[in-house]
Every structure is written in C-alpha cells, then in structure tokens.
Asker: 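Before I ask anything, let me first share the structure, which is written out below as structure tokens.
Numbering of ligands and ligand atoms starts at 1, following listing order. All residue numbers in this chain count up from 1 along the given sequence.
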Amino acid sequence: MDERTFTMPNGRLQDKIALVTGAASGIGRATVLRFAREGAHVIATDLNMQALQALAAEAGADTHPIVPVLCDVTKVDDTTRVVADAMAQYGRLDVLVNSAGITPRTVDPAADIATRWDAVMRVNARGTMLMCHAAVAAMQQNGGGSIVNIASIMGLVGYPTSLPFSDGFSAYPQSKGAVIQLTRDLGVRVAADGIRVNAVCPGFVYTALTANVTGDPAVHTKMQELHPMGRLGQPEEIANVILFLASDEASFVTGAAWTVDGGYTAE
Ligand SMILES: NC(=O)c1ccc[n+]([C@@H]2O[C@H](COP(=O)([O-])OP(=O)(O)OC[C@H]3O[C@@H](n4cnc5c(N)ncnc54)[C@H](O)[C@@H]3O)[C@@H](O)[C@H]2O)c1
C-alpha cells in the first residue's frame, strides 16, 4: 500500500477512516472523491475492481491514498472481512456510507416476481443491513462513528404514476423504505454508543442507475418536471449532504432521513 503521508489540518473528515460501498460509480464514487479531499482515509468497495482502481488512480497527491477493495454487500463473509481488514489496518472505523444499490431494471425481466423482488431486496436492504451490522461492532470498539445509508425519495413516497417504473410491486421503493426504517431503528439503538445512523433520500440523479431511463427524452422531461427545480441532481450534490452527515458537524443528527431532491417530495 502507498505509505504517502498527508496532512491537511482543516479537512472536514481529517484522518477519519471511512468505508464506502458501491464506490465504483455514481453517488458512491462522488462520495469517495469528496471524502478523500476532506482528509479521510477512504476504503472504496464495490463488485467492480477495475472501476475502483481507476477511482484510486484519481486520488490527488494531496489526499490519502484511496484503497480499492472488492466487496459484495449481499455476502456476510465479504461484509465482515472488509470491516475486519479496516480495523486491522487502521485500528478503527469512523464512517460507513452504504451506497451499493440496484433497481429491478438490472434484473432479468424474464424472471418471476419473487426472484426479481429478492434480487433487489438482497442488495438494497440486506446488503445495507449486513454492512451496518459489521460496522456497528467496530464502531462500538471505537466509542462512536457515523453511518450514512443511501435510501431514496422512493422510500418516502410512491413512484409517480406518470412514470413507467413500477406496477406497485417493484422491490425498489419497498427496499428503500426498509433502509429508512433500519436507519431509524438502529439509530435509536446505538445512539448511546455515540454512533449516528442517518439516511439520505435523493431525488433522481444522473448516474449509471438512471442512464437507461434518462436516455428516453419523453421520460427524461417528465422526470425533470417532477422536481420543482426543473432538473435532476448530480452525484456531487448528494455527496455534499453525505459529507455533512458523516462529519462531526452533524453531531446531534441521528435516525433522520434527509431528502436531497430539488423539492420533489415538498410538492
Ligand atoms: N441515481 C439515482 O437517481 C438515485 C436516486 C435515489 C437513490 N439512489 C441510490 O443511491 C445509491 C447509489 O446509486 P447510483 O445512482 O450511484 O448507482 P450506480 O449504479 O451508479 O452505482 C451503484 C454501485 O453499486 C454497486 N453494486 C451493485 N450491487 C452491489 C453489490 N451486491 N455489492 C457491492 N456493490 C454493488 C455497482 O457495482 C455500482 O458501482 C443506490 O443505493 C441507489 O438506489 C440513486
């Protein structure tokens, strides 16, 4: 590993140890880069090692090295291993960001409803829970930490009937509702341990996850109109809020679901 030392005294996550899942793309990727620039040691995990290595190569000379690690969040052994490795390497884990997620659009459309539902729930709900479970044990040893789960506005409201994304049986909003409730239930349970657990609920954001639907001009226009700001978000705009919740600036914030949605859920 690169032993380069780095000191930027005023980073908002200066020398914190942060682990990000789903780090190879979109919101997770933007979060890794932002955290690194704020002075954190970042362990960037995903299924896609090639993309993680490209991300690590983007770390500037004035950041700690970004450490790429393979981790499938649906696998118990992977989730416990990445946290154990972080503890062995750094002796603590301060921040966990759960950004790994999928939509039913990436699941075989020919599969039956139960198979499709399970596939999404496995990554979005079970994966987030397993990572929280592994991290909480480590953070209890630290005496505290901050977990930020990436849920969605679709965990708060139903899919708009004007969009062709759900027939009412999509696992996506159900999985994100589960993430928000995990956030609240775990948040109250570990508050006394100094561990904060919060969720971010983005509106529609330009990432690989939405690329296939924003590519349809009619659907794209409808998606834009659903946000009072008249546009979709950028991954960096979500990472900004994740950074705040991860940092000590959010020291009295826990069990909360923060919308970052251009006004979508306010209308
Ligand atoms: N893009 C949006 O409009 C939007 C809106 C609301 C919430 N979200 C949520 O934000 C999070 C990030 O989404 P994104 O838009 O950046 O998507 P993305 O597709 O760009 O990135 C998701 C990453 O998760 C990884 N991943 C998938 N399954 C995994 C697994 N089993 N283990 C580990 N990694 C896995 C993928 O390889 C990918 O790199 C997701 O939880 C998503 O549901 C996205």
Asker: Are any non-hydrogen side-chain atoms of Gln89 and Ile17 less than 4.5 angstrom apart?
Answerer: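 No, side chains not in contact.
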Asker: Check the orientation of Tyr206 and His220. Use parallel for under 30°, tilted for 30 to 60°, and perpendicular for over 60°.
Answerer: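 Because their plane-to-plane angle is over 60°, the rings of Tyr206 and His220 count as perpendicular.
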Asker: Which pairs, with at least one residue in residues 214-225 and sequence neighbours excluded, count as a salt bridge (charged side-chain N to carboxylate O under 4.0 Å, His left out)?
Answerer: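 For residues 214-225: none.
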Asker: For Lys176 and Ser152, which heavy atoms make the closest approach, and how far apart are they?
Answerer: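 Minimum heavy-atom contact is CG-CB, 3.6 Å.
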Asker: Taking distance alone, with N or O pairs closer than 3.5 Å, would you say Asn124 contacts ligand 1?
Answerer: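 No.
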Asker: Looking at ligand 1, is there an atom of it that comes within less than 4.0 Å of some heavy atom belonging to Met154?
Answerer: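 Contact absent.
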Asker: Identify, by atom number and element, the atoms of ligand 1 in contact range of Gly26, meaning under 4.0 Å from any of its heavy atoms.
Answerer: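 Near Gly26, the atoms of ligand 1 are 16 (O), 20 (O).
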Asker: Could you tell me whether a side-chain N or O of Arg29 sits under 3.5 Å from a main-chain N or O of Pro235, the two making a donor and an acceptor?
Answerer: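 No, the answer is negative, given that no donor and acceptor are paired below the 3.5 Å cut-off.
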Asker: Can you give me the closest heavy-atom contact between Ile180 and Cys201, atom names plus distance?
Answerer: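 In this case the closest contact between Ile180 and Cys201 is CD1-SG, 3.8 Å.
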Asker: What atoms of ligand 1 come closer than 4.0 angstrom to any heavy atom of Thr210?
Answerer: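 The atoms of ligand 1 under 4.0 Å from a heavy atom of Thr210 are 1 (N), 2 (C), 3 (O).
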Asker: Establish whether Tyr172 and Val205 are linked, either directly or via other cluster members, by ILVMFWY side-chain heavy-atom contacts under 4.5 Å.
Answerer: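 In one cluster with Tyr172: Val205, no.
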Asker: Ignoring hydrogens, just give me the one of Thr207, Asp46, Leu47, Thr21 whose non-hydrogen atom is nearest atom 30 (C) of ligand 1.
Answerer: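 When every heavy atom of Thr207, Asp46, Leu47, Thr21 is considered, Leu47 comes closest to atom 30 (C) of ligand 1.
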Asker: Can you find a side-chain donor-acceptor pair between Asn149 and Thr183 that sits under 3.5 Å?
Answerer: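 There is such a pair (donor and acceptor under 3.5 Å, judged by atom type) between the side chains of Asn149 and Thr183.
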Asker: What about Val205: any of its N or O atoms under 3.5 Å from an N or O on ligand 1?
Answerer: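 Yes, since at least one N or O of Val205 sits under 3.5 Å from an N or O of ligand 1.
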Asker: Identify, for atom 35 (C) of ligand 1, the protein heavy atom at the shortest distance, and state residue, atom and that distance.
Answerer: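 For atom 35 (C) of ligand 1, the nearest protein heavy atom is Ala100 CB, 3.7 Å.
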Asker: Between Asp193 (side chain) and Ile195 (backbone), is there a donor-acceptor pair under 3.5 Å?
Answerer: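 Between the backbone of Ile195 and the side chain of Asp193 there is no qualifying donor-acceptor contact (under 3.5 Å).
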Asker: Heavy-atom distances under 4.0 Å are what count here, so tell me which part of Tyr172 touches ligand 1: side chain, backbone, both or neither.
Answerer: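 It is the side chain that touches ligand 1; the backbone stays farther off.
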Asker: Specify whether Phe204 and Phe165 have parallel, tilted or perpendicular ring planes, treating 30° as the upper limit for parallel and 60° as the lower limit for perpendicular.
Answerer: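 Perpendicular: the ring planes of Phe204 and Phe165 meet at over 60°.
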Asker: Counting both backbone and side chain atoms, is some N or O of Thr74 under 3.5 Å from an N or O of ligand 1?
Answerer: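 N/O-N/O distance below 3.5 Å does not exist for this pair.
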Asker: When you look for heavy atoms under 4.0 Å from ligand 1, do you find them on the side chain of Ile102, its backbone, both, or neither?
Answerer: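 Near ligand 1, Ile102 shows its side chain, while the N, CA, C and O stay back.
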Asker: Report, in ascending order of atom number, the atoms of ligand 1 lying under 4.0 Å from any heavy atom of Gly203.
Answerer: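 Close to Gly203: 3 (O), 5 (C), 6 (C).
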Asker: Mark up the atoms of ligand 1 that fall under 4.0 Å of a heavy atom belonging to Ile150, in ascending order.
Answerer: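 By the 4.0 Å cutoff, the relevant atoms are 9 (C), 10 (O), 11 (C), 41 (O).
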Asker: For ligand 1, find out whether one of its N or O atoms is nearer than 3.5 Å to an N or O atom of Asp72.
Answerer: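 So ligand 1 has an N or O lying under 3.5 Å from an N or O of Asp72.
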Asker: Are side-chain heavy atoms of Ser247 and Glu38 found at a separation under 4.5 Å?
Answerer: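 Of all side-chain heavy-atom pairs linking Glu38 with Ser247, none is under 4.5 Å.
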Asker: Which ligand 1 atoms does Gly22 reach within 4.0 Å, using its non-hydrogen atoms?
Answerer: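 Counting from 1, the qualifying ligand atoms are 23 (C), 24 (O), 25 (C).
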Asker: Going only through I, L, V, M, F, W and Y residues with side-chain contacts under 4.5 Å, is there a path from Ile150 to Val42?
Answerer: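 Yes; tracing contacts between hydrophobic side chains, which count when under 4.5 Å, links both residues.
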Asker: Give the residue, atom name and distance (to 0.1 Å) of the protein heavy atom nearest atom 32 (N) of ligand 1.
Answerer: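 Nearest protein contact, heavy atoms only, for atom 32 (N) of ligand 1 is Val73 N, 3.0 Å.
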Asker: Report, in ascending order of atom number, the atoms of ligand 1 lying under 4.0 Å from any heavy atom of Ser152.
Answerer: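 Within the 4.0 Å cut-off of Ser152, ligand 1 contributes 6 (C), 7 (C).
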Asker: Among protein heavy atoms, which sits nearest to atom 12 (C) of ligand 1, and what does the distance come to when rounded to 0.1 Å?
Answerer: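 Result: Ser99 O, 3.1 Å.
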Asker: To the nearest 0.1 Å, how far is atom 4 (C) of ligand 1 from its closest protein heavy atom, and which atom is that?
Answerer: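 Going atom by atom, the protein heavy atom closest to atom 4 (C) of ligand 1 ends up being Leu209 CD2, 3.9 Å.
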Asker: Tell me: protein heavy atom nearest atom 18 (P) of ligand 1, and distance?
Answerer: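 Scanning the protein heavy atoms, the shortest distance from atom 18 (P) of ligand 1 goes to Ser25 OG, 3.5 Å.
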Asker: Compare every heavy atom of Ala23 with every heavy atom of Leu55, then report the nearest pair and how far apart it is.
Answerer: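 Scanning both residues, the minimum pair turns out to be CD2-O, 3.3 Å.
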Asker: Nearest heavy-atom pair of Thr79 and Asp72: which atoms, and what distance?
Answerer: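 Closest pair (atom of Thr79, atom of Asp72, distance): CG2-O, 4.3 Å.
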Asker: Should Lys176 be counted as touching ligand 1, given the test is an N or O pair under 3.5 Å?
Answerer: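 So ligand 1 has an N or O lying under 3.5 Å from an N or O of Lys176.
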Asker: To which protein heavy atom is atom 6 (C) of ligand 1 closest, and what is the distance rounded to 0.1 Å?
Answerer: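 Its nearest protein heavy-atom neighbour is Pro202 O, 3.5 Å.
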Asker: Report yes if some N/O of Gly28 lies less than 3.5 Å from some N/O of ligand 1; otherwise report no.
Answerer: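 For ligand 1, there is no N or O atom that lies under 3.5 Å from one belonging to Gly28.
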Asker: Report yes or no: does Thr259 contribute a side-chain atom to a donor-acceptor pair with the main-chain N or O of Asp261 at less than 3.5 Å?
Answerer: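 The answer is no, because no donor-acceptor pair under 3.5 Å joins these two groups.
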Asker: Is Ala151 close enough to touch ligand 1? Criterion: a residue heavy atom under 4.0 Å from a ligand atom.
Answerer: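 Contact check Ala151 vs ligand 1: positive.
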Asker: Quick check: does Ile27 get an N/O under 3.5 Å from an N/O on ligand 1?
Answerer: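 In this structure, Ile27 places an N or O atom under 3.5 Å from an N or O of ligand 1.
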Asker: Kindly say whether Leu245 contributes a backbone atom to a donor-acceptor pair with the side chain of Ser146 at under 3.5 angstrom?
Answerer: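 Yes: the side chain of Ser146 pairs with the backbone of Leu245.
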Asker: Please list the nearest protein heavy atom to atom 22 (C) of ligand 1 with its residue and the distance rounded to 0.1 Å.
Answerer: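 Going by distance alone, atom 22 (C) of ligand 1 is nearest to Gly101 O, 3.9 Å.
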Asker: Going by the atom numbers of ligand 1, which of them fall below 4.0 Å from some non-hydrogen atom of Phe204?
Answerer: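 Within the 4.0 Å cut-off of Phe204, ligand 1 contributes 3 (O).
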Asker: Show the atoms of ligand 1 that are less than 4.0 angstrom away from any heavy atom in Cys71.
Answerer: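 It comes down to these atoms of ligand 1: 32 (N), 33 (C).
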